[in-house]
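For reference, the structure discussed in these notes is given below.
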2 protein chains.
Amino acid sequence: MPRDTLTREQIIQTAVELLDAEGLEGLNMRSLGRRLGSAATAVYWHVKSKDNLVVLAGDRVWDEIKLPDPGAVGWRAAATSMATDLYGMLTRHPWLMQAMPSYLFHGPGKARHDDHSLAVYEAAGFVGAEADQAAATVFTFVLGNALGESATASLTRRLSRDGGDPEELIRDTMAQAAEVAMGFPRLRARVQAMETIDYGGAPDDSFEFGLRAIFDGLEARLALR
Amino acid sequence: MPRDTLTREQIIQTAVELLDAEGLEGLNMRSLGRRLGSAATAVYWHVKSKDNLVVLAGDRVWDEIKLPDPGAVGWRAAATSMATDLYGMLTRHPWLMQAMPSYLFHGPGKARHDDHSLAVYEAAGFVGAEADQAAATVFTFVLGNALGESATASLTRRLSRDGGDPEELIRDTMAQAAEVAMGFPRLRARVQAMETIDYGGAPDDSFEFGLRAIFDGLEARLALR
DNA sequence: GCCCGTATTGCACAAAGTTCAAGTCGGTGT
DNA sequence: ACACCGACTTGAACTTTGTGCAATACGGGC
């Protein structure tokens with residue numbers, strides 16, 4: 001029986017957990033080693049570098065996205081499902097948005113997603129490059145939305161790390177932003193509206209609003225054929 | 001006459017230059033100091049930390065975006081101008097996309113942009129929260145697009161840094177991605193199409209395609225009122 | 001039981017952010 | 001003119017973190 005040894009899989013798995021818990025800047029080889037019960041440098045036998053590991057971990061999480069059959073549920077439902085799944089995945093793993101502008105992700109996990117995304121838009125009626133463009137439109141829109149979530153997640157972690165109540169410190173940041181906003185008429189109006197009316201989860205609203213608008217625009221384009 | 005001393009402004013300016021040239025991971029306090037003709041730690045008198053400096057620099061570049069009057073050119077032209085300006089700005093300063101998921105940018109530079117963006121969509125006919133949502137939709141779409149540019153810029157820099165011809169190494173990366181794509185029917189078809197047909201700047205096409213689709217979707221929503 | 005490929009360890013170095021005590025400069029009040 | 005004070009700068013040092021390297025341990029096959 002072979003010795004109980006580290007696995008590439010196990011390392012990637014643990015890296016994802018650590019990234020979820022501590023964020024991209026919280027991942028370091030020593031704490032990863034501690035979590036794996038081995039020396040930090042043991043990881044280098046299985047993985048070329050930390051960058052490499054991040055890419056590996058960043059490809060893995062795409063598997064969490066379901067791939068609904070557009071023939072069964074209709075292309076718009078399938079596309080909506082994939083978009084919201086993607087948004088959810090990026091919110092669960094905010095470090096991926098931090099990694100994406102720095103590394104290219106072209107692994108099998110993302111390929112699985114991309115391929116099915118194309119299938120959905122081809123099922124909708126887009127042909128050739130137009131399917132690519134339609135898919136890319138929705139895809140980039142979701143990425144842009146997830147960016148905001150990632151930023152607040154990162155901020156929360158940073159604040160709670162150097163001590164203190166995160167809630168209070170976030171309110172500080174908000175107040176600071178509000179002060180800047182006061183110099184601009186329309187932003188000031190928003191701040192005041194948020195103070196008087198009890199303001200609920202606007203970001204989600206904005207995501208669904210945008211998604212509907214994009215699908216409407218795409219459908220209009222389909223109708224022109 | 002006061003001594004010729006470092007300025008916050010001058011530091012931010014130089015930081016932007018360095019970030020443009022070397023990327024986010026290429027910015028370090030020692031080379032910044034060298035470029036400023038002073039000790040690295042002199043910067044800390046004017047700026048709290050490196051993170052703080054990145055936020056400052058990241059707010060500055062929003063000033064490059066023009067703010068066209070929607071009353072003069074029409075809302076759709078104004079919105080298009082702002083979206084393409086934003087995309088151009090983010091492409092010129094790819095490090096901003098790397099910084100955005102990690103920090104919140106709520107400075108005056110971004111506020112100036114955001115306020116006018118709201119003005120444009122209010123001029124279009126959106127009222128209250130709908131103006132926010134319409135603006136956010138286009139905004140996040142542009143961010144998502146810029147993300148890809150940022151990733152390739154970052155890759156190019158990394159490759160050319162550790163020696164060798166960037167062109168050749170990029171081709172290596174592409175080939176690697178193509179190999180993965182071979183396992184998926186639709187992606188494989190794309191790769192083969194790129195090999196036979198001479199494939200030109202698709203990303204820009206995708207950006208304009210998506211922007212048109214979004215505006216179409218938004219206009220349809222306006223027509224429902 | 002020896003040997004070799006696989007896997008792990010501890011050490012050490014370099015890069016980079018930041019702190020701190022000490023210094024330098026120039027304007028100000030007397 | 002001179003001392004002083006606050007604004008600004010410096011250099012050394014400490015810390016964290018990624019990673020290379022040589023030594024070592026483990027275990028299966030001859």
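Heavy atoms only: backbone and side chains are in, while hydrogens, waters and symmetry mates are out.
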query = Is the closest side-chain donor-acceptor distance between A:R35 and A:S31 under 3.5 Å?
reply =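 No donor-acceptor contact under 3.5 Å links the two side chains.
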
ask   = Can you name the residues that form a side-chain contact (heavy atoms from CB on, under 4.5 Å) with A:A135, not counting sequence neighbours?
value =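 If we apply the side-chain contact (heavy atoms from CB on, under 4.5 Å) test to A:A135, skipping adjacent residues, the hits are A:S117, A:L118, A:Y121.
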
[X] [atom1] to [N] [atom2], straight-line distance once rounded to whole Å:
{"X": "A:L53", "N": "D:dT17", "atom1": "CG", "atom2": "P", "result": "16 Å"}
{"X": "B:L36", "N": "D:dC8", "atom1": "CG", "atom2": "C1'", "result": "14 Å"}
{"X": "A:R34", "N": "C:dT9", "atom1": "CZ", "atom2": "P", "result": "14 Å"}
{"X": "B:D4", "N": "C:dT24", "atom1": "CG", "atom2": "P", "result": "19 Å"}
{"X": "A:L6", "N": "D:dC26", "atom1": "CG", "atom2": "C1'", "result": "14 Å"}
{"X": "A:L32", "N": "C:dT8", "atom1": "CG", "atom2": "P", "result": "12 Å"}

Indicate every side-chain donor-acceptor pair of residues 102-111 of chain B with a distance under 3.5 Å to a residue at least two apart or in another chain.
{"residue": "B:S102", "atom": "OG", "partner": "A:Q98", "partner atom": "NE2", "Å": "2.9"}
{"residue": "B:Y103", "atom": "OH", "partner": "B:D51", "partner atom": "OD1", "Å": "2.8"}
{"residue": "B:K110", "atom": "NZ", "partner": "B:D114", "partner atom": "OD2", "Å": "2.9"}

inquiry  = Can you tell me which nucleotide in D:dT9, D:dT10, C:dT8 comes closest to the side chain of B:W45?
reply    =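 So the nucleotide nearest the side chain must be D:dT9.
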
task = May I ask you to verify if any side-chain N or O of A:H46 is less than 4.0 angstrom from the OP1 or OP2 atom of C:dT6?
result =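 Negative; the distance criterion is not met.
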
B:T5 side-chain N/O to D:dT9 phosphate OP1/OP2 under 4.0 Å =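 For D:dT9, OP1/OP2 do have a side-chain N/O of B:T5 under 4.0 Å.
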
request  = Considering non-hydrogen atoms only, spot the tightest contact between B:L147 and A:P101 and give its length.
outcome  =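 Between these two residues, the closest heavy atoms are CD2-N, 3.5 Å.
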
ask   = For A:E179, does the CD atom have more than 12 heavy-atom neighbours from other residues, nucleotides or ligands under 6.0 Å away?
value =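 It does not: A:E179 CD has 12 such atoms or fewer within range.
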
CD (A:Q176) with more than 12 external heavy atoms under 6.0 Å =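 Count not over threshold, so no.
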
ask   = Going 5' to 3' along nucleotides 17-23 of chain C, which nucleotides have protein heavy atoms under 4.0 Å from the base (write B), which only from the sugar-phosphate (write S), and which from neither (write -)?
value = BBB----

